[in-house]
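One structure is given here, and the rest of the page talks about it.
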Amino acid sequence: MRPLFITWEYPPYKAGGIAAHCEDLATTMASQGHSPVVVTFGEREEKEYRDGVEIHRVPANNGADNTVSWAMALGDRMEKKALELSKKKSFDLVHGHDWMAVPAATGIKKTLGLPLVFTVHSTQQGRDGIDSDYQRAIHNLEWLGTYEADQVITVGRDFCDEVKHLYEVPEEKINYIPNGVDLEKFDQHSGSLERQNYALEWEQIVLFVGRMYPQKGPGHLIEAMPHILEQKPDAKFVMCGSGATEHYKGLAKKQVGDKVYFPGYVSDEELLSLMKESEMTVAPSVYEPFGIVPLEAAACETATVGSYTGGMKDTIVHEYTGLHTYPADSNSITSQVTRALEDPGWADWLGDNARDRVEDNFRWEQISAWTTGIYSKAVEQK
Amino acid sequence: MKVLFLTRKFVDGDDISEYVKSLAETLVNEGHEAFVLAFDDGEYYSVDERVEVERVPLHYEGDSLYSWSMMLNNEMKEKGRELFDERDFEIIHANDWLTVPGATAIKKYSERPFVLTLHSTENERGFNDPNSEVISELEWKGGYKAEKILVNRQSTYDSAVYDLDVPEEKIEVLNPLSGDWHSSALKIYENLLNFKEIDLER
(Lines give C-alpha, C1' and ligand atoms only; values in the text may rest on other atoms or scores of the structure.)
Protein backbone atom coordinates (compact mmCIF):
# COMPACT_ATOMS: atom_id res chain seq x y z
CA MET A 1 0.00 0.00 0.00
CA ARG A 2 1.03 3.59 -0.50
CA PRO A 3 -0.19 5.72 2.42
CA LEU A 4 0.50 9.45 2.45
CA PHE A 5 1.57 10.53 5.95
CA ILE A 6 0.76 14.10 6.94
CA THR A 7 2.64 15.21 10.05
CA TRP A 8 4.00 18.58 11.05
CA GLU A 9 7.10 17.00 12.54
CA TYR A 10 9.33 14.23 11.22
CA PRO A 11 12.92 13.57 12.31
CA PRO A 12 15.35 15.23 12.42
CA TYR A 13 12.70 17.89 13.29
CA LYS A 14 11.29 16.87 16.62
CA ALA A 15 9.34 18.65 19.29
CA GLY A 16 6.94 16.10 20.68
CA GLY A 17 6.44 12.38 20.27
CA ILE A 18 4.72 12.44 16.87
CA ALA A 19 7.98 12.69 14.92
CA ALA A 20 9.45 9.50 16.37
CA HIS A 21 6.11 7.72 16.07
CA CYS A 22 5.77 8.58 12.38
CA GLU A 23 9.34 7.65 11.58
CA ASP A 24 9.17 4.28 13.33
CA LEU A 25 5.80 3.47 11.78
CA ALA A 26 6.75 4.56 8.25
CA THR A 27 10.12 2.81 8.36
CA THR A 28 8.57 -0.42 9.59
CA MET A 29 5.86 -0.27 6.92
CA ALA A 30 8.55 0.17 4.28
CA SER A 31 10.41 -2.88 5.60
CA GLN A 32 7.16 -4.84 5.29
CA GLY A 33 6.84 -4.01 1.60
CA HIS A 34 4.66 -0.90 1.69
CA SER A 35 5.63 2.44 0.16
CA PRO A 36 4.84 5.21 2.63
CA VAL A 37 5.32 8.81 1.50
CA VAL A 38 5.66 11.55 4.13
CA VAL A 39 4.77 15.20 3.60
CA THR A 40 5.94 17.33 6.49
CA PHE A 41 7.28 20.72 7.56
CA GLY A 42 10.83 21.85 6.83
CA GLU A 43 12.93 25.00 6.75
CA ARG A 44 13.00 24.75 2.96
CA GLU A 45 11.58 22.60 0.19
CA GLU A 46 13.45 19.28 0.31
CA LYS A 47 13.13 15.69 -0.81
CA GLU A 48 14.82 12.77 0.82
CA TYR A 49 14.76 8.96 0.78
CA ARG A 50 15.56 7.37 4.10
CA ASP A 51 15.07 3.77 5.20
CA GLY A 52 12.65 3.09 2.36
CA VAL A 53 10.53 6.16 3.10
CA GLU A 54 10.09 9.06 0.67
CA ILE A 55 10.05 12.32 2.64
CA HIS A 56 8.99 15.69 1.26
CA ARG A 57 9.40 18.87 3.28
CA VAL A 58 7.63 22.14 2.65
CA PRO A 59 8.30 25.41 4.49
CA ALA A 60 5.63 27.29 6.46
CA ASN A 61 4.68 30.95 6.48
CA ASN A 62 5.89 32.29 9.81
CA GLY A 63 3.79 35.41 9.37
CA ALA A 64 0.75 33.52 10.61
CA ASP A 65 -0.94 34.97 13.66
CA ASN A 66 -0.99 31.84 15.81
CA THR A 67 -0.41 28.11 15.54
CA VAL A 68 -3.90 27.47 14.14
CA SER A 69 -3.32 29.87 11.24
CA TRP A 70 0.22 28.52 10.90
CA ALA A 71 -1.15 25.00 10.50
CA MET A 72 -3.73 26.22 7.96
CA ALA A 73 -1.10 27.99 5.85
CA LEU A 74 1.25 25.00 6.09
CA GLY A 75 -1.68 22.76 5.18
CA ASP A 76 -2.24 24.70 1.98
CA ARG A 77 1.37 24.16 0.94
CA MET A 78 1.37 20.49 1.99
CA GLU A 79 -1.71 19.93 -0.09
CA LYS A 80 -0.07 21.52 -3.11
CA LYS A 81 2.87 19.16 -2.68
CA ALA A 82 0.54 16.17 -2.33
CA LEU A 83 -1.35 17.12 -5.50
CA GLU A 84 1.90 17.37 -7.42
CA LEU A 85 3.00 13.95 -6.17
CA SER A 86 -0.37 12.41 -6.98
CA LYS A 87 0.08 13.28 -10.65
CA LYS A 88 2.97 10.79 -10.76
CA LYS A 89 1.87 8.12 -8.31
CA SER A 90 -1.47 7.42 -6.76
CA PHE A 91 -1.95 7.15 -3.03
CA ASP A 92 -4.20 4.60 -1.37
CA LEU A 93 -5.09 6.86 1.52
CA VAL A 94 -4.10 9.85 3.65
CA HIS A 95 -2.94 9.29 7.22
CA GLY A 96 -2.95 12.46 9.36
CA HIS A 97 -1.42 12.80 12.82
CA ASP A 98 -2.99 15.13 15.39
CA TRP A 99 -4.79 18.42 14.82
CA MET A 100 -1.97 20.22 13.03
CA ALA A 101 -2.37 17.76 10.16
CA VAL A 102 -6.15 18.17 9.89
CA PRO A 103 -6.28 21.11 7.42
CA ALA A 104 -3.92 19.40 4.96
CA ALA A 105 -5.25 15.88 5.48
CA THR A 106 -8.90 16.84 4.96
CA GLY A 107 -7.97 19.07 2.02
CA ILE A 108 -6.13 16.20 0.32
CA LYS A 109 -8.88 13.74 1.14
CA LYS A 110 -11.46 16.02 -0.42
CA THR A 111 -9.44 17.09 -3.43
CA LEU A 112 -8.26 13.63 -4.41
CA GLY A 113 -11.20 11.65 -3.06
CA LEU A 114 -8.99 9.47 -0.85
CA PRO A 115 -9.85 7.60 2.35
CA LEU A 116 -8.62 9.32 5.51
CA VAL A 117 -7.12 7.68 8.60
CA PHE A 118 -6.56 9.99 11.54
CA THR A 119 -4.40 9.21 14.56
CA VAL A 120 -5.12 11.12 17.76
CA HIS A 121 -2.01 11.33 19.93
CA SER A 122 -3.47 13.68 22.52
CA THR A 123 -6.37 16.10 22.90
CA GLN A 124 -6.59 19.84 23.48
CA GLN A 125 -8.92 19.14 26.40
CA GLY A 126 -6.27 16.96 28.02
CA ARG A 127 -3.36 19.26 27.24
CA ASP A 128 -4.62 22.54 28.62
CA GLY A 129 -8.36 22.77 28.22
CA ILE A 130 -10.81 24.39 25.81
CA ASP A 131 -11.56 27.79 27.31
CA SER A 132 -10.33 30.39 24.82
CA ASP A 133 -11.36 30.85 21.16
CA TYR A 134 -7.91 29.67 20.19
CA GLN A 135 -8.18 26.49 22.26
CA ARG A 136 -11.68 25.87 20.91
CA ALA A 137 -10.39 26.28 17.34
CA ILE A 138 -7.90 23.47 18.05
CA HIS A 139 -10.50 21.30 19.77
CA ASN A 140 -12.82 21.78 16.77
CA LEU A 141 -10.06 20.75 14.38
CA GLU A 142 -9.52 17.59 16.41
CA TRP A 143 -13.24 16.91 16.22
CA LEU A 144 -13.27 17.59 12.49
CA GLY A 145 -10.37 15.16 12.01
CA THR A 146 -12.35 12.38 13.69
CA TYR A 147 -15.52 13.39 11.81
CA GLU A 148 -13.89 13.35 8.38
CA ALA A 149 -11.81 10.23 9.01
CA ASP A 150 -12.93 6.85 7.71
CA GLN A 151 -10.97 5.26 10.55
CA VAL A 152 -9.62 6.82 13.73
CA ILE A 153 -6.62 5.44 15.63
CA THR A 154 -5.91 6.26 19.26
CA VAL A 155 -2.72 5.36 21.07
CA GLY A 156 -4.09 4.31 24.46
CA ARG A 157 -6.91 2.08 25.69
CA ASP A 158 -8.41 4.58 28.15
CA PHE A 159 -7.57 7.34 25.74
CA CYS A 160 -9.63 5.55 23.10
CA ASP A 161 -12.71 5.87 25.33
CA GLU A 162 -11.86 9.49 26.05
CA VAL A 163 -11.64 10.32 22.35
CA LYS A 164 -14.79 8.36 21.59
CA HIS A 165 -16.84 10.32 24.12
CA LEU A 166 -15.22 13.70 23.61
CA TYR A 167 -15.79 13.74 19.85
CA GLU A 168 -18.71 11.30 19.68
CA VAL A 169 -16.85 8.96 17.33
CA PRO A 170 -18.92 5.96 16.17
CA GLU A 171 -17.77 2.68 17.67
CA GLU A 172 -17.13 1.05 14.29
CA LYS A 173 -14.50 3.53 13.23
CA ILE A 174 -12.41 3.96 16.34
CA ASN A 175 -9.40 1.78 17.12
CA TYR A 176 -6.75 1.41 19.75
CA ILE A 177 -3.20 0.66 18.65
CA PRO A 178 -0.44 1.22 21.18
CA ASN A 179 2.79 3.00 20.41
CA GLY A 180 5.88 0.89 20.05
CA VAL A 181 9.59 0.96 20.64
CA ASP A 182 12.36 0.23 18.20
CA LEU A 183 14.25 -2.41 20.18
CA GLU A 184 17.11 -2.49 17.70
CA LYS A 185 17.93 1.10 18.45
CA PHE A 186 18.25 0.20 22.11
CA ASP A 187 20.23 -2.97 21.55
CA GLN A 188 22.77 -1.55 19.11
CA HIS A 189 23.55 1.18 21.54
CA SER A 190 26.99 0.99 23.16
CA GLY A 191 25.86 2.01 26.62
CA SER A 192 28.87 4.02 27.66
CA LEU A 193 28.05 6.76 30.12
CA GLU A 194 30.14 9.20 32.10
CA ARG A 195 28.20 8.26 35.18
CA GLN A 196 30.16 10.61 37.43
CA ASN A 197 28.56 13.52 35.54
CA TYR A 198 25.23 12.50 36.97
CA ALA A 199 25.75 10.83 40.32
CA LEU A 200 28.32 9.65 42.83
CA GLU A 201 29.40 6.05 42.60
CA TRP A 202 27.20 4.74 45.39
CA GLU A 203 24.15 6.77 44.53
CA GLN A 204 21.06 5.19 42.99
CA ILE A 205 19.78 7.17 40.01
CA VAL A 206 16.04 7.90 39.92
CA LEU A 207 15.31 9.29 36.47
CA PHE A 208 12.58 11.61 35.19
CA VAL A 209 12.27 12.05 31.43
CA GLY A 210 9.70 14.42 29.94
CA ARG A 211 8.75 17.95 29.19
CA MET A 212 8.72 20.02 32.37
CA TYR A 213 5.05 20.98 32.39
CA PRO A 214 2.29 20.33 34.93
CA GLN A 215 0.76 17.67 32.66
CA LYS A 216 3.90 15.55 33.12
CA GLY A 217 3.82 16.03 36.91
CA PRO A 218 7.47 16.89 37.71
CA GLY A 219 6.23 18.96 40.67
CA HIS A 220 4.74 15.89 42.37
CA LEU A 221 8.03 14.06 42.14
CA ILE A 222 9.87 17.10 43.49
CA GLU A 223 7.47 17.21 46.42
CA ALA A 224 8.25 13.57 47.15
CA MET A 225 12.04 13.96 46.94
CA PRO A 226 12.84 14.98 50.54
CA HIS A 227 10.62 12.18 51.89
CA ILE A 228 12.29 9.58 49.70
CA LEU A 229 15.71 10.83 50.80
CA GLU A 230 14.73 10.52 54.49
CA GLN A 231 14.41 6.80 53.96
CA LYS A 232 16.89 6.26 51.14
CA PRO A 233 19.65 8.87 51.38
CA ASP A 234 21.55 7.24 48.49
CA ALA A 235 18.90 8.25 45.96
CA LYS A 236 19.92 10.77 43.31
CA PHE A 237 17.29 12.43 41.15
CA VAL A 238 18.12 13.22 37.52
CA MET A 239 15.54 15.35 35.72
CA CYS A 240 15.82 15.33 31.91
CA GLY A 241 13.66 17.32 29.54
CA SER A 242 12.90 20.72 28.13
CA GLY A 243 10.11 23.10 29.11
CA ALA A 244 9.84 25.15 32.27
CA THR A 245 13.15 23.69 33.45
CA GLU A 246 14.34 26.72 35.40
CA HIS A 247 11.12 26.88 37.37
CA TYR A 248 11.28 23.24 38.43
CA LYS A 249 15.03 23.41 39.02
CA GLY A 250 14.49 26.26 41.49
CA LEU A 251 11.79 24.30 43.32
CA ALA A 252 13.83 21.10 43.49
CA LYS A 253 17.10 22.73 44.53
CA LYS A 254 15.32 24.44 47.39
CA GLN A 255 13.99 21.07 48.56
CA VAL A 256 16.98 18.77 48.20
CA GLY A 257 20.00 20.75 46.97
CA ASP A 258 22.67 18.59 45.37
CA LYS A 259 20.54 15.47 45.48
CA VAL A 260 18.85 16.55 42.28
CA TYR A 261 20.50 17.25 38.95
CA PHE A 262 19.06 18.91 35.81
CA PRO A 263 21.40 18.06 32.94
CA GLY A 264 19.59 20.29 30.39
CA TYR A 265 19.72 19.00 26.82
CA VAL A 266 20.71 15.34 26.64
CA SER A 267 21.30 13.56 23.31
CA ASP A 268 19.26 10.46 22.46
CA GLU A 269 22.37 8.30 22.89
CA GLU A 270 23.14 9.72 26.29
CA LEU A 271 19.54 9.33 27.37
CA LEU A 272 19.52 5.62 26.54
CA SER A 273 22.70 5.12 28.55
CA LEU A 274 21.17 7.01 31.40
CA MET A 275 18.04 4.89 31.29
CA LYS A 276 20.16 1.74 31.44
CA GLU A 277 22.11 3.07 34.40
CA SER A 278 19.08 4.18 36.39
CA GLU A 279 17.46 2.18 39.15
CA MET A 280 14.12 3.22 37.76
CA THR A 281 12.37 5.93 35.81
CA VAL A 282 9.53 7.87 37.38
CA ALA A 283 6.62 9.04 35.22
CA PRO A 284 4.38 11.14 37.50
CA SER A 285 2.12 12.41 34.67
CA VAL A 286 -1.28 13.74 35.56
CA TYR A 287 -2.55 13.17 32.01
CA GLU A 288 -0.90 10.78 29.60
CA PRO A 289 -2.72 9.40 26.52
CA PHE A 290 0.03 6.88 25.96
CA GLY A 291 3.40 7.78 27.45
CA ILE A 292 6.38 6.30 25.68
CA VAL A 293 8.82 6.59 28.62
CA PRO A 294 7.80 3.34 30.37
CA LEU A 295 8.38 1.41 27.13
CA GLU A 296 11.71 3.05 26.40
CA ALA A 297 12.82 2.34 29.95
CA ALA A 298 11.60 -1.22 29.54
CA ALA A 299 13.69 -1.62 26.40
CA CYS A 300 16.64 -0.66 28.64
CA GLU A 301 15.53 -3.26 31.21
CA THR A 302 14.58 -0.53 33.63
CA ALA A 303 11.30 -0.50 35.55
CA THR A 304 9.03 2.54 35.70
CA VAL A 305 7.14 3.97 38.64
CA GLY A 306 4.26 5.69 36.87
CA SER A 307 0.85 7.19 37.58
CA TYR A 308 -2.15 4.95 37.17
CA THR A 309 -3.59 7.02 34.35
CA GLY A 310 -4.20 6.78 30.59
CA GLY A 311 -1.77 4.64 28.67
CA MET A 312 0.33 3.80 31.69
CA LYS A 313 -2.48 1.62 33.02
CA ASP A 314 -1.49 -0.69 30.14
CA THR A 315 2.20 -0.05 29.70
CA ILE A 316 3.01 -0.75 33.35
CA VAL A 317 1.87 -3.91 35.13
CA HIS A 318 1.95 -3.17 38.84
CA GLU A 319 4.51 -5.24 40.76
CA TYR A 320 5.43 -7.08 37.58
CA THR A 321 7.01 -4.58 35.15
CA GLY A 322 7.00 -1.54 37.42
CA LEU A 323 4.90 0.17 40.05
CA HIS A 324 1.78 2.30 39.85
CA THR A 325 1.21 5.43 41.89
CA TYR A 326 -1.93 7.48 42.35
CA PRO A 327 -1.85 10.41 39.91
CA ALA A 328 -0.86 13.76 41.45
CA ASP A 329 -0.08 12.14 44.81
CA SER A 330 3.41 12.73 46.14
CA ASN A 331 2.89 10.39 49.13
CA SER A 332 2.14 7.58 46.74
CA ILE A 333 5.27 8.41 44.71
CA THR A 334 7.33 8.43 47.94
CA SER A 335 6.19 5.01 49.01
CA GLN A 336 6.51 3.30 45.61
CA VAL A 337 9.92 4.77 44.76
CA THR A 338 11.18 3.84 48.23
CA ARG A 339 9.90 0.28 47.84
CA ALA A 340 11.87 -0.19 44.65
CA LEU A 341 15.01 1.40 46.08
CA GLU A 342 14.79 -0.84 49.17
CA ASP A 343 15.18 -3.96 47.09
CA PRO A 344 17.45 -3.49 44.07
CA GLY A 345 17.19 -7.19 43.17
CA TRP A 346 13.43 -6.88 42.89
CA ALA A 347 13.76 -3.68 40.86
CA ASP A 348 16.04 -5.55 38.42
CA TRP A 349 13.50 -8.34 38.17
CA LEU A 350 10.78 -5.79 37.37
CA GLY A 351 13.03 -4.29 34.69
CA ASP A 352 13.68 -7.69 33.09
CA ASN A 353 9.97 -8.45 33.02
CA ALA A 354 9.30 -5.05 31.48
CA ARG A 355 11.73 -5.80 28.67
CA ASP A 356 10.14 -9.23 28.01
CA ARG A 357 6.71 -7.66 27.91
CA VAL A 358 7.79 -5.01 25.40
CA GLU A 359 9.28 -7.69 23.18
CA ASP A 360 5.97 -9.54 23.23
CA ASN A 361 3.52 -6.66 22.96
CA PHE A 362 4.93 -3.37 21.73
CA ARG A 363 6.95 -4.11 18.64
CA TRP A 364 6.64 -1.87 15.59
CA GLU A 365 6.35 -4.91 13.28
CA GLN A 366 3.10 -5.78 15.00
CA ILE A 367 1.87 -2.20 15.25
CA SER A 368 2.57 -1.60 11.58
CA ALA A 369 0.61 -4.73 10.64
CA TRP A 370 -2.36 -3.60 12.75
CA THR A 371 -2.20 -0.18 11.15
CA THR A 372 -2.20 -1.47 7.59
CA GLY A 373 -5.15 -3.66 8.60
CA ILE A 374 -7.01 -0.46 9.49
CA TYR A 375 -5.92 1.05 6.18
CA SER A 376 -7.60 -1.85 4.39
CA LYS A 377 -10.80 -1.23 6.34
CA ALA A 378 -10.73 2.46 5.41
CA VAL A 379 -10.10 1.68 1.74
CA GLU A 380 -12.92 -0.86 1.61
CA GLN A 381 -15.37 1.53 3.23
CA LYS A 382 -14.66 4.26 0.71
CA MET B 1 -19.49 28.02 -22.28
CA LYS B 2 -19.72 26.76 -18.71
CA VAL B 3 -18.39 28.85 -15.84
CA LEU B 4 -18.02 27.76 -12.20
CA PHE B 5 -18.04 30.68 -9.74
CA LEU B 6 -16.56 30.38 -6.26
CA THR B 7 -17.60 32.90 -3.66
CA ARG B 8 -17.60 32.82 0.12
CA LYS B 9 -21.12 34.19 0.47
CA PHE B 10 -24.05 34.13 -1.84
CA VAL B 11 -26.49 36.54 -0.25
CA ASP B 12 -28.68 39.34 -1.57
CA GLY B 13 -27.16 42.75 -0.97
CA ASP B 14 -23.57 41.62 -0.51
CA ASP B 15 -21.41 43.33 -3.12
CA ILE B 16 -19.36 40.30 -4.14
CA SER B 17 -22.54 38.20 -4.34
CA GLU B 18 -24.17 40.83 -6.56
CA TYR B 19 -21.10 40.89 -8.78
CA VAL B 20 -21.21 37.11 -9.19
CA LYS B 21 -24.98 37.13 -9.66
CA SER B 22 -24.96 39.70 -12.43
CA LEU B 23 -22.16 37.92 -14.30
CA ALA B 24 -23.93 34.57 -13.92
CA GLU B 25 -27.23 36.01 -15.16
CA THR B 26 -25.53 37.59 -18.15
CA LEU B 27 -24.05 34.22 -19.03
CA VAL B 28 -27.37 32.37 -18.93
CA ASN B 29 -29.09 35.18 -20.84
CA GLU B 30 -26.62 34.69 -23.63
CA GLY B 31 -27.20 30.96 -23.72
CA HIS B 32 -24.22 29.91 -21.61
CA GLU B 33 -24.16 27.97 -18.34
CA ALA B 34 -23.31 29.37 -14.92
CA PHE B 35 -22.84 27.57 -11.63
CA VAL B 36 -22.25 29.16 -8.23
CA LEU B 37 -20.47 27.37 -5.36
CA ALA B 38 -20.76 29.16 -1.99
CA PHE B 39 -20.92 28.67 1.76
CA ASP B 40 -24.31 27.67 3.10
CA ASP B 41 -25.03 30.24 5.80
CA GLY B 42 -28.78 29.80 5.46
CA GLU B 43 -29.25 33.38 4.20
CA TYR B 44 -31.51 34.30 1.33
CA TYR B 45 -30.44 34.88 -2.24
CA SER B 46 -32.43 35.47 -5.38
CA VAL B 47 -31.08 34.59 -8.77
CA ASP B 48 -32.31 33.62 -12.23
CA GLU B 49 -33.42 30.00 -11.99
CA ARG B 50 -31.20 29.00 -14.89
CA VAL B 51 -28.20 29.71 -12.68
CA GLU B 52 -27.42 26.64 -10.61
CA VAL B 53 -26.36 27.25 -7.03
CA GLU B 54 -24.68 24.74 -4.73
CA ARG B 55 -24.03 25.75 -1.17
CA VAL B 56 -21.67 23.79 1.08
CA PRO B 57 -22.02 23.61 4.86
CA LEU B 58 -19.00 23.75 7.13
CA HIS B 59 -18.86 22.04 10.52
CA TYR B 60 -16.05 24.16 11.78
CA GLU B 61 -15.75 27.40 13.69
CA GLY B 62 -12.24 28.72 13.63
CA ASP B 63 -10.72 31.44 15.74
CA SER B 64 -10.39 33.76 12.75
CA LEU B 65 -11.89 34.41 9.32
CA TYR B 66 -8.65 33.06 7.90
CA SER B 67 -8.75 29.66 9.62
CA TRP B 68 -12.48 29.35 9.01
CA SER B 69 -12.18 30.03 5.31
CA MET B 70 -9.25 27.64 4.88
CA MET B 71 -11.51 24.86 6.09
CA LEU B 72 -14.41 26.13 3.97
CA ASN B 73 -12.15 25.83 0.95
CA ASN B 74 -11.57 22.15 1.74
CA GLU B 75 -15.33 21.64 1.41
CA MET B 76 -15.31 23.55 -1.88
CA LYS B 77 -12.53 21.35 -3.24
CA GLU B 78 -14.63 18.25 -2.57
CA LYS B 79 -17.82 19.71 -3.99
CA GLY B 80 -15.90 21.10 -6.96
CA ARG B 81 -14.44 17.69 -7.73
CA GLU B 82 -17.87 16.06 -7.52
CA LEU B 83 -19.32 18.71 -9.83
CA PHE B 84 -16.52 18.25 -12.32
CA ASP B 85 -17.19 14.52 -12.37
CA GLU B 86 -20.78 15.23 -13.43
CA ARG B 87 -20.19 18.05 -15.88
CA ASP B 88 -17.16 19.65 -17.34
CA PHE B 89 -16.80 23.33 -16.56
CA GLU B 90 -14.62 25.32 -18.88
CA ILE B 91 -13.66 28.19 -16.60
CA ILE B 92 -13.22 28.61 -12.84
CA HIS B 93 -13.92 32.11 -11.57
CA ALA B 94 -12.96 32.79 -7.92
CA ASN B 95 -13.45 35.90 -5.84
CA ASP B 96 -10.84 37.31 -3.46
CA TRP B 97 -8.38 35.38 -1.30
CA LEU B 98 -11.32 33.70 0.40
CA THR B 99 -11.72 31.19 -2.42
CA VAL B 100 -8.16 31.02 -3.77
CA PRO B 101 -7.18 27.67 -2.15
CA GLY B 102 -10.31 25.99 -3.52
CA ALA B 103 -9.90 27.48 -6.98
CA THR B 104 -6.23 26.51 -7.30
CA ALA B 105 -6.93 22.92 -6.22
CA ILE B 106 -9.87 22.66 -8.64
CA LYS B 107 -7.71 24.12 -11.41
CA LYS B 108 -5.03 21.55 -10.69
CA TYR B 109 -7.23 18.51 -11.11
CA SER B 110 -9.58 19.88 -13.75
CA GLU B 111 -6.83 21.52 -15.82
CA ARG B 112 -9.20 24.39 -16.61
CA PRO B 113 -8.29 28.09 -16.72
CA PHE B 114 -8.80 30.12 -13.58
CA VAL B 115 -9.99 33.72 -13.37
CA LEU B 116 -9.64 35.60 -10.09
CA THR B 117 -11.40 38.83 -9.24
CA LEU B 118 -9.61 40.80 -6.55
CA HIS B 119 -12.33 43.08 -5.20
CA SER B 120 -9.62 44.65 -3.05
CA THR B 121 -6.22 43.60 -1.72
CA GLU B 122 -5.01 43.17 1.84
CA ASN B 123 -2.64 46.09 1.29
CA GLU B 124 -5.55 48.30 0.27
CA ARG B 125 -7.46 47.21 3.35
CA GLY B 126 -4.59 48.40 5.53
CA PHE B 127 -2.75 45.13 6.19
CA ASN B 128 -3.88 45.30 9.80
CA ASP B 129 -5.45 41.90 10.38
CA PRO B 130 -3.39 39.57 12.61
CA ASN B 131 -3.38 37.19 9.64
CA SER B 132 -2.59 39.81 6.99
CA GLU B 133 0.61 38.07 5.96
CA VAL B 134 -0.97 34.72 5.24
CA ILE B 135 -3.99 36.39 3.62
CA SER B 136 -1.68 38.39 1.38
CA GLU B 137 0.20 35.19 0.56
CA LEU B 138 -3.08 33.74 -0.76
CA GLU B 139 -3.64 36.86 -2.88
CA TRP B 140 -0.14 36.50 -4.22
CA LYS B 141 -0.73 32.82 -4.92
CA GLY B 142 -3.98 33.63 -6.73
CA GLY B 143 -2.25 36.34 -8.72
CA TYR B 144 0.45 33.88 -9.68
CA LYS B 145 -1.77 30.93 -10.54
CA ALA B 146 -4.71 32.60 -12.23
CA GLU B 147 -4.68 32.97 -15.99
CA LYS B 148 -6.48 36.30 -15.62
CA ILE B 149 -6.93 38.80 -12.78
CA LEU B 150 -9.93 41.13 -12.78
CA VAL B 151 -10.04 44.23 -10.59
CA ASN B 152 -12.79 46.80 -10.13
CA ARG B 153 -10.69 49.95 -10.00
CA GLN B 154 -7.30 51.42 -10.75
CA SER B 155 -6.07 51.40 -7.12
CA THR B 156 -6.52 47.62 -6.93
CA TYR B 157 -4.73 47.29 -10.25
CA ASP B 158 -1.81 49.23 -8.82
CA SER B 159 -1.74 47.17 -5.64
CA ALA B 160 -1.89 43.92 -7.62
CA VAL B 161 1.09 45.04 -9.69
CA TYR B 162 3.22 46.57 -6.95
CA ASP B 163 2.27 44.55 -3.85
CA LEU B 164 1.49 41.18 -5.41
CA ASP B 165 3.82 41.22 -8.41
CA VAL B 166 1.09 40.35 -10.90
CA PRO B 167 2.29 40.93 -14.48
CA GLU B 168 0.43 43.88 -15.96
CA GLU B 169 -0.67 41.98 -19.06
CA LYS B 170 -2.58 39.56 -16.83
CA ILE B 171 -4.77 42.21 -15.18
CA GLU B 172 -7.91 43.85 -16.49
CA VAL B 173 -9.85 46.68 -14.85
CA LEU B 174 -13.59 46.06 -15.17
CA ASN B 175 -15.65 48.56 -13.25
CA PRO B 176 -18.91 46.81 -12.28
CA LEU B 177 -20.61 50.20 -12.06
CA SER B 178 -19.97 50.89 -15.73
CA GLY B 179 -22.49 49.82 -18.35
CA ASP B 180 -20.60 47.41 -20.58
CA TRP B 181 -18.45 45.46 -18.13
CA HIS B 182 -20.42 42.23 -18.67
CA SER B 183 -19.58 42.05 -22.34
CA SER B 184 -15.92 42.73 -21.53
CA ALA B 185 -15.98 39.88 -19.02
CA LEU B 186 -17.52 37.50 -21.54
CA LYS B 187 -14.88 38.48 -24.06
CA ILE B 188 -12.18 37.65 -21.52
CA TYR B 189 -13.72 34.21 -20.98
CA GLU B 190 -13.81 33.60 -24.72
CA ASN B 191 -10.19 34.59 -25.15
CA LEU B 192 -9.21 32.20 -22.39
CA LEU B 193 -11.03 29.34 -24.08
CA ASN B 194 -9.29 30.05 -27.37
CA PHE B 195 -5.97 30.17 -25.63
CA LYS B 196 -5.67 26.54 -24.59
CA GLU B 197 -2.28 26.53 -22.90
CA ILE B 198 -2.87 26.13 -19.18
CA ASP B 199 0.26 26.25 -17.08
CA LEU B 200 -0.19 23.53 -14.48
CA GLU B 201 3.35 23.74 -13.23
CA ARG B 202 2.48 26.89 -11.38
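Predicted model only: the values in this text are computed from it and were never measured. We name chains A, B, ... by the order of the sequence lines, and we start the count at 1 in each one.
The most heavy-atom pairs under 4.5 Å with chain B, out of Ser86(A), Pro103(A), Ser132(A), come from Pro103(A). Among Gly102(B), Ala105(B), Ser64(B), the residue with the largest count of heavy-atom pairs under 4.5 Å with chain A is Ala105(B).
Chain B is approached within less than 4.5 Å, heavy atom to heavy atom, by Ala137(A), Asn140(A), Leu141(A), Trp143(A), Leu144(A), Tyr147(A), Glu148(A) from residues 135-153 of chain A, ordered by number. Of residues 77-86 of chain B, those residues with a non-hydrogen atom less than 4.5 Å from any non-hydrogen atom of chain A are, in numerical order, Lys77(B), Glu78(B), Arg81(B). The stretch residues 62-72 of chain A places Gly63(A), Ala64(A), Asp65(A), Asn66(A), Val68(A), Ser69(A), Met72(A) near chain B, each with some heavy atom under 4.5 Å from a heavy atom of that chain.
For Phe10(B), the ring-ring contact (aromatic ring centres under 6.0 Å, His included) partners are Tyr45(B), not counting sequence neighbours.
Side-chain contact check for Leu83(A) versus Tyr109(B): every heavy-atom pair is 4.5 Å or farther apart. In this structure the side chain of Thr104(B) never reaches within 4.5 angstrom of the side chain of Lys80(A), judged on heavy atoms.
If you take OG1 on Thr111(A) and CD1 on Ile106(B), they are separated by 8.0 Å, rounding to the nearest 0.5 Å. Distance check: Glu61(B) CD to Asp133(A) CG gives 9.0 Å after rounding to the nearest 0.5 Å. With values rounded to the nearest 0.5 angstrom, Met70(B) atom CE is found 4.0 Å from Asp76(A) atom CG.
Nearest approach of Val134(B) to Ala73(A), heavy atoms of both residues: CG1-CB, 3.7 Å.
Contact annotation for Ile135(B): neither backbone nor side-chain heavy atoms come within less than 4.5 Å of a heavy atom of chain A. Heavy-atom distances place both the backbone and the side chain of Ser67(B) under 4.5 Å from chain A.
Heavy atoms from other residues, nucleotides or ligands lying under 6.0 Å from CD of Gln154(B) number more than 12. Other residues, nucleotides and ligands place no more than 12 heavy atoms under 6.0 Å from the OH atom of Tyr162(B).
With respect to the salt-bridge test (charged N to carboxylate O, under 4.0 angstrom), the residues Lys108(B) and Glu79(A) do not qualify.
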